[in-house]
Amino acid sequence: MSKLGTLGARLHHGEVGYDFVKNRKIWYGISILITITAIVGLAVRGLHMGIEFQGGAVFTTPKNMSASVAQAETWAEEASGHDAIVQKLGDGSLRIQISGTDTQQSDQIKEDLSQKLDVPAEKVNADLVGPSWGDQIANKAWQGLGIFMVLVVIYLAIAFEWRMALAAFVALIHDITITVGIYALVGFEVTPGTVIGLLTILGYSLYDTVVVFDSLKEQTKDITKQTRWTYAEIANRSINSTLVRSINTTVVALLPVAGLLFIGGGVLGAGMLNDISLSLFVGLAAGAYSSIFIATPLVADLKEAEPQMKSLKKRVLDKRAQASAKGEQAPAAADEAPYADDETDDAAAAVVGPRNQPTSRGRGRGRPSGKRR
């Protein structure tokens, strides 16, 4: 078995672990800082809306043009008085995109471009895009986003509970805000591909979150019938037990997206790939981060505010203090399942830290971890 596979098995069985929940204030602070930076970037720089959203004209030249992209961009800006985006297509033709032009302006721009490019005007194809079409796309996207959010909250509230639904909702807003903010800071053009990418990352982000929530739900059944583990400790075990799986799925998803962004868009110059690949790349990374560092710790905070969980935490800490005072090994350090001393023997173990790791039920019960006779 590989080192990563061995680590994943040890994390799953609670033999090692990192206390994500205990350090949640650090993660909250990092997320708040990143979110504020994204919001400031969005407010200061704004989004560079594409021609589909603000209207304009797209000119396509004949094949095998000798003019460079930089030359064509300069000529297009001189002819129109607006910023232009020029892309060289695979057949050698140029796609020149100019925003904020109407029919009369596009005819004049077409004539000027044909002269500078030294091609007949009738061979330069011009397509006009009205801003109303972009408004329809934006409105439909907002409607789809709103419906998606409502359905997600309802589903999670029914399948799990309202606290998990709220935490997942906060994580989704967190991911969208960061992605849009970085898009504004980088200055990439917002196109329908960007909208598709934003809607796509919601599913990835939700998937990682639900995987952890499902593990947490299973491990906290009848949690109040025992006095060995707090809700936060079992929540931390849920994160650790699914950590390698979350990392693997995220890395596998990021690799092709990184290829599109850095190789397709950066090296090969296929600018249209940047629209969707940047939103997917940032969104996938933010989604993995939020599922581990935001959603589950937030659920632990909400749950431990309940009277039942406060009472449970008090009983657990009191029992550990009594064991410590008697010079006995604290219950949290015993090598047995979290509910072994109470009614629910079949529950999964929880992670409390590298030195306090419960393992499987059948071995070492009642003896200190690592000691065998």
Chemist: Give a yes or no on whether Val211 and Leu206 share a hydrophobic cluster (residues Ile, Leu, Val, Met, Phe, Trp, Tyr; joining criterion: side-chain heavy atoms under 4.5 Å apart).
Modeler: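 Looking at the clustering, Leu206 is in a separate group from Val211.
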
Chemist: Quick one: ring-ring contact (aromatic ring centres under 6.0 Å, His included) partners of Trp75, sequence neighbours excluded?
Modeler: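 So Trp75 forms no ring-ring contact (aromatic ring centres under 6.0 Å, His included) with any residue.
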
Chemist: Can you find a pair of side-chain heavy atoms, one from Leu113 and one from Ile96, that are under 4.5 Å apart?
Modeler: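 When only atoms from C-beta onward are counted, Ile96 and Leu113 do touch, with a gap below 4.5 Å.
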
Chemist: Just so I know, are the side chains of Val282 and Ile201 near enough to count as touching, which here means a heavy-atom distance under 4.5 Å?
Modeler: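 No, too far: nothing below the 4.5 Å cut-off.
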
Chemist: Give the minimum heavy-atom separation between Thr179 and Ser279, together with the two atoms involved.
Modeler: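 So the two residues come closest at CG2-O, 3.7 Å.
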
Chemist: What is the distance from atom CD of Glu73 to atom OG of Ser68, rounded to the nearest 0.5 Å?
Modeler: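 Result: 9.5 Å between the selected atoms.
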
Chemist: Quick check: do Phe160 and Val299 have side-chain heavy atoms less than 4.5 Å from each other?
Modeler: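 Of all side-chain heavy-atom pairs linking Val299 with Phe160, none is under 4.5 Å.
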
Chemist: Can you list everything that forms a side-chain hydrogen bond (donor to acceptor under 3.5 Å, both in side chains) with Tyr183? Sequence neighbours excluded, please.
Modeler: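 In terms of side-chain hydrogen bond (donor to acceptor under 3.5 Å, both in side chains), with neighbours along the sequence ignored, Tyr183 is linked to Thr194.
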
Chemist: Supply the atom-to-atom distance Leu198 CG to Leu280 CG, rounded to the nearest 0.5 angstrom.
Modeler: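 One gets 8.5 Å once the value is rounded to the nearest 0.5 Å.
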
Chemist: By the salt bridge (charged side-chain N to carboxylate O under 4.0 Å, His left out) test, which pairs, at least two apart or in different chains, include something from residues 158-187?
Modeler: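 Residue pairs passing salt bridge (charged side-chain N to carboxylate O under 4.0 Å, His left out), neighbours aside: Glu161-Arg163, Glu161-Lys303, Arg163-Glu306.
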
Chemist: With sequence neighbours left out, write down each residue that passes salt bridge (charged side-chain N to carboxylate O under 4.0 Å, His left out) with Glu111, or none if nothing qualifies.
Modeler: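 None.
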
Chemist: Should we count NZ of Lys22 as having more than 12 external heavy atoms under 6.0 Å?
Modeler: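 Atom NZ in Lys22 is not packed in, count stays at 12 or less.
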
Chemist: Consider only side-chain N and O atoms of Gln322 and Asp318, and report whether a donor and an acceptor are under 3.5 Å apart.
Modeler: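 The answer is no; no qualifying pair exists.
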
Chemist: Can you tell me how far the OH atom of Tyr207 sits from the OG1 atom of Thr249, to the nearest 0.5 Å?
Modeler: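 These two atoms lie 6.0 Å from each other.
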
Chemist: Quick check on the hydrophobic clustering: are Leu317 and Ile223 connected, directly or via other members, by side-chain heavy-atom contacts under 4.5 Å?
Modeler: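 Each belongs to a different hydrophobic cluster.
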
Chemist: State which residues pass side-chain contact (heavy atoms from CB on, under 4.5 Å) with Ser215; sequence neighbours excluded, sorted by chain then number.
Modeler: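 In terms of side-chain contact (heavy atoms from CB on, under 4.5 Å), with neighbours along the sequence ignored, Ser215 is linked to Gln219, Ser238, Ser241, Thr242.
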
Chemist: Can you name the salt bridge (charged side-chain N to carboxylate O under 4.0 Å, His left out) partners of Asp127, sequence neighbours left out?
Modeler: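 Partners of Asp127 under the salt bridge (charged side-chain N to carboxylate O under 4.0 Å, His left out) test: none.
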
Chemist: Starting from the C-alpha separation in whole Å, work towards a yes-or-no answer on salt bridge (charged side-chain N to carboxylate O under 4.0 Å, His left out) for Asp107 and Lys110.
Modeler: CA-CA 5 Å; Asp107 291 340; Lys110 181 178 178 179; over 6 Å; no

Chemist: For a side chain to side chain donor-acceptor pair (under 3.5 Å) check, start with the C-alpha distance between Asp301 and Tyr28, then their side-chain angles and the critical distance, and finish with the verdict.
Modeler: CA-CA 12 Å; Asp301 277 337; Tyr28 293 165; 2.9 Å; yes

Chemist: Just to verify, what does Gln97 make a side-chain contact (heavy atoms from CB on, under 4.5 Å) with, not counting sequence neighbours?
Modeler: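 Counting only residues at least two positions away or on another chain, Gln97 forms a side-chain contact (heavy atoms from CB on, under 4.5 Å) with Ile51, Val58, Ile85, Arg95, Glu189.
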
Chemist: As a quick check of understanding, evaluate salt bridge (charged side-chain N to carboxylate O under 4.0 Å, His left out) for Lys116 and Glu77, giving each step before the final call.
Modeler: CA-CA 12 Å; Lys116 296 190 179 204; Glu77 289 177 353; over 6 Å; no

Chemist: Heavy atoms, side chains only, cut-off 4.5 Å: are Val152 and Phe169 in contact?
Modeler: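 SC-SC contact between Val152 and Phe169 ruled out.
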
Chemist: Apply side chain to side chain donor-acceptor pair (under 3.5 Å) to residues Ser31 and Tyr289 and explain how you reach the verdict.
Modeler: CA-CA 9 Å; Ser31 291; Tyr289 171 85; 3.2 Å; yes

Chemist: Would you say the side-chain atoms of Arg315 pair up with the backbone N or O of Thr224, donor to acceptor, closer than 3.5 Å?
Modeler: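 Checked: pair present.
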
Chemist: Could you check whether the rings of Phe20 and Trp27 sit parallel, tilted or perpendicular, using 30° and 60° as the cut-offs?
Modeler: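 Correct class here is tilted.
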
Chemist: Is there a donor-acceptor pair under 3.5 Å between the side chain of Ser311 and the backbone N or O of Pro307?
Modeler: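 No, because the side chain of Ser311 does not come within donor-acceptor range (under 3.5 Å) of the backbone of Pro307.
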
Chemist: Determine whether a donor-acceptor pair (N or O, by modelled atom type, separation under 3.5 Å) exists between the side chain of Asp118 and the backbone of Ser114.
Modeler: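 Between the backbone of Ser114 and the side chain of Asp118 there is no qualifying donor-acceptor contact (under 3.5 Å).
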
Chemist: Working to the nearest 0.5 Å, report the span between CG of Leu302 and OH of Tyr231.
Modeler: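 It comes to 9.5 Å.
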
Chemist: Mind checking salt bridge (charged side-chain N to carboxylate O under 4.0 Å, His left out) for Lys123 and listing every partner two or more places apart, or none if nothing turns up?
Modeler: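 In terms of salt bridge (charged side-chain N to carboxylate O under 4.0 Å, His left out), with neighbours along the sequence ignored, Lys123 is linked to no residue.
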
Chemist: For Phe148 and Leu172, work out which heavy atoms get closest and say how close.
Modeler: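 Closest approach of Phe148 to Leu172, heavy atoms only: CE2-CD1, 4.1 Å.
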
Chemist: Against Leu145, only a single residue in Ile176, Val150, Val195 fulfils side chain to side chain contact (heavy atoms under 4.5 Å, CB included); can you say which?
Modeler: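 Of the listed residues Ile176, Val150, Val195, the side chain to side chain contact (heavy atoms under 4.5 Å, CB included) partner of Leu145 is Ile176.
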
Chemist: So do the side chains of Val21 and Ile239 get within less than 4.5 Å of each other, counting heavy atoms only?
Modeler: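 When only atoms from C-beta onward are counted, Ile239 and Val21 do touch, with a gap below 4.5 Å.
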
Chemist: Under 4.5 Å between side-chain heavy atoms, chaining through other members, with only Ile, Leu, Val, Met, Phe, Trp and Tyr counted: pull out the rest of the cluster around Ile36, sorted by chain and number.
Modeler: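 So far as hydrophobic clustering goes, Ile36 is joined with Ile32, Val40, Val44.
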
Chemist: Looking only at heavy atoms, what is the nearest atom pair of Met164 and Lys217, with distance?
Modeler: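 Between these two residues, the closest heavy atoms are CE-N, 4.5 Å.
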
Chemist: If you compare all heavy atoms of Val316 against all heavy atoms of Arg228, which two are closest, and at what distance to 0.1 Å?
Modeler: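 Smallest heavy-atom distance, with atoms named: CG1-O, 3.6 Å.
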
Chemist: Mind listing the closest non-hydrogen atom pair of Ser277 and Val257 along with its distance?
Modeler: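 Scanning both residues, the minimum pair turns out to be O-CG1, 3.3 Å.
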
Chemist: Who pairs with Gln115 by side-chain contact (heavy atoms from CB on, under 4.5 Å), at least two apart in sequence or on another chain?
Modeler: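 Not a single residue meets the side-chain contact (heavy atoms from CB on, under 4.5 Å) criterion with Gln115.
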
Chemist: Measure the shortest side-chain to side-chain distance between Ser205 and Ser290 over non-hydrogen atoms and say whether it is less than 4.5 angstrom.
Modeler: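 They are in contact (side-chain heavy atoms under 4.5 Å apart), so the answer is yes.
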
Chemist: Rounded to the nearest 0.5 Å, how far does CG of Leu254 lie from OH of Tyr204?
Modeler: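 It comes to 9.5 Å.
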
Chemist: Would you please name every residue forming a side-chain contact (heavy atoms from CB on, under 4.5 Å) with Lys140, sequence neighbours left out?
Modeler: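 Testing Lys140 for side-chain contact (heavy atoms from CB on, under 4.5 Å), a comparison that skips the adjacent residues, returns Gln143.
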
Chemist: Between Gln71 (side chain only) and Thr74 (backbone N and O only), is there a donor and an acceptor less than 3.5 Å apart?
Modeler: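 Checked: no pair found.
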
Chemist: What are the two closest non-hydrogen atoms of Thr296 and Ser291, and how far apart are they?
Modeler: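 For Thr296 versus Ser291, the nearest heavy atoms are OG1-O, 3.5 Å.
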
Chemist: Under 3.5 Å, is there a donor-acceptor pair between the side chain of Thr61 and the main chain of Ser93?
Modeler: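 No: the side chain of Thr61 does not pair with the backbone of Ser93.
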
Chemist: Please examine the side chains of Lys313 and Glu304, heavy atoms only from C-beta on, and report whether any two atoms are closer than 4.5 Å.
Modeler: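 Yes, side chains in contact.
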
Chemist: Linking directly or through intermediates, with side-chain heavy atoms under 4.5 Å: list the remaining ILVMFWY members grouped with Ile147, chain and number order.
Modeler: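 Result for Ile147 is Leu151.
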
Chemist: Assess whether atom CZ of Arg245 is packed by more than 12 heavy atoms of other residues, nucleotides or ligands within 6.0 Å.
Modeler: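 No, the 6.0 Å shell around CZ holds no more than 12 heavy atoms from other groups.
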
Chemist: More than 12 heavy atoms of other residues, nucleotides or ligands under 6.0 Å from CD of Glu78: yes or no?
Modeler: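 Yes - once you tally the heavy atoms of other residues, nucleotides and ligands closer than 6.0 Å, there are more than 12.
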
Chemist: Quick check: do Gln226 and Leu312 have side-chain heavy atoms less than 4.5 Å from each other?
Modeler: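 Contact flag for Gln226/Leu312 side chains = yes.
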
Chemist: For the CD1 atom of Ile276 and the CZ atom of Phe281, what is their distance to the nearest 0.5 Å?
Modeler: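 That separation rounds to 15.0 Å.
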
